[in-house]
Amino acid sequence: LHYKKTENVIEELAVGGTIVGQFEGLQFKEGQLKVARGDTVTIFSDGVTESEDRKGNLFGRERTKEFVLKRASDNPQDFCNLLQSSITKFARG
């Protein structure tokens, strides 16, 4: 996810592929991204979006985007700790 500070928006990266490291010899597409001062790029595994609560609801991409939008200006360590805490709280609730 790319948080664009000047526009206060989240964009998903346009170029993607399959799971990294799952299969040997796969080719991946390369993309380019212009990152401005103050922007944030968040890279995460499916463990974030596929975390489930007790009812089987997923943390999901939208909840992840909302978190990034709210916390993008945090320092990286706080950002990661708060994201982990949010996922843990979600899964317990």
Side-chain angles (χ1 to χ4, degrees):
L1 300 175
H2 177 206
Y3 168 71
K4 298 175 95 175
K5 184 176 182 177
T6 57
E7 299 172 37
N8 195 41
V9 297
I10 300 287
E11 291 183 343
E12 292 190 35
L13 302 180
V15 177
T18 189
I19 301 168
V20 175
Q22 181 159 2
F23 304 107
E24 224 176 286
L26 287 179
Q27 298 294 312
F28 292 91
K29 294 179 184 176
E30 287 186 22
Q32 292 186 351
L33 175 67
K34 186 173 184 175
V35 180
R37 182 176 301 268
D39 286 4
T40 302
V41 177
T42 304
I43 300 169
F44 54 91
S45 74
D46 60 351
V48 171
T49 55
E50 293 180 6
S51 293
E52 293 184 28
D53 67 9
R54 293 180 179 167
K55 295 179 182 177
N57 298 309
L58 298 177
F59 191 78
R61 192 170 294 269
E62 288 307 312
R63 194 173 274 110
T64 304
K65 286 180 182 179
E66 289 171 15
F67 179 88
V68 172
L69 192 59
K70 187 191 309 187
R71 308 305 310 200
S73 63
D74 289 1
N75 74 59
Q77 187 66 52
D78 288 345
F79 180 92
C80 291
N81 289 340
L82 287 168
L83 179 57
Q84 179 65 49
S85 176
S86 295
I87 293 166
T88 300
K89 184 177 177 181
F90 173 82
R92 288 184 183 150

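Heads up: numbering here begins at 1 and tracks the sequence.
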- Message: Which heavy atom of Leu69 sits nearest to which heavy atom of Ile10, and what is that distance?
- Response: N-CD1, 3.9 Å
- Between Phe90 and Phe59, which heavy-atom pair has the shortest distance, and what is it? CE2-N, 3.3 Å
- Exercise: identify the closest heavy-atom pair between Leu33 and His2: CD1-ND1, 3.3 Å
- Message: Quick check: do Val48 and Ile87 have side-chain heavy atoms less than 4.5 Å from each other?
- Response: yes
- Query: Which value, rounded to the nearest 0.5 Å, describes the distance between Ser51 atom OG and Lys89 atom NZ?
  - Reply: 15.5 Å
- Message: So Glu52 and Asn57, do their side chains get closer than 4.5 Å, heavy atoms only?
- Response: no
- Query: Roughly how far, to the nearest 0.5 Å, is OG of Ser73 from NZ of Lys5?
  - Reply: 7.0 Å
- Note on the structure: In short, salt bridge (charged side-chain N to carboxylate O under 4.0 Å, His left out) pairs touching residues 16-44 with sequence neighbours left out are none
- Note on the structure: When rounded to the nearest 0.5 Å, the distance separating CZ of Arg61 from CD of Glu50 is 9.5 Å
- Would you indicate whether Phe23, at its atom CZ, is surrounded by more than 12 heavy atoms from other residues, nucleotides or ligands within a distance under 6.0 Å? no
- Give, for atom OG1 of Thr42 and atom CZ of Phe79, the distance between the pair rounded to the nearest 0.5 Å. 3.5 Å
- Pairwise side-chain contact, Tyr3 with Asn8, heavy-atom cut-off 4.5 Å (strictly under): yes
- Query: Val35, Ile43: one ILVMFWY side-chain cluster at the under-4.5 Å cut-off?
  - Reply: yes
- Kindly give the heavy-atom pair with the smallest separation between Glu12 and Leu1, and that separation in Å. CG-CD2, 3.7 Å
- So NZ of Lys70 and OG of Ser86: to nearest 0.5 Å the spacing works out to 7.5 Å
- Query: Would Glu62 and Lys65 count as a salt bridge (Lys or Arg N to Asp or Glu O under 4.0 Å) if you check the C-alpha gap in whole Å, the side-chain angles of each, and the deciding distance to 0.1 Å?
  - Reply: CA-CA 5 Å; Glu62 288 307 312; Lys65 286 180 182 179; 3.5 Å; yes
- Using atom types as modelled and distance alone, determine if a side-chain donor or acceptor of Arg54 lies under 3.5 Å from a backbone N or O of Ala91. no
- Task: May I ask whether Leu13 and Phe44 are part of the same hydrophobic cluster, defined by side-chain heavy atoms of I, L, V, M, F, W, Y residues being less than 4.5 angstrom apart, directly or through others?
- Result: no
- Item | Ser85 (side chain) donor-acceptor with Asn81 (main chain) under 3.5 angstrom | no
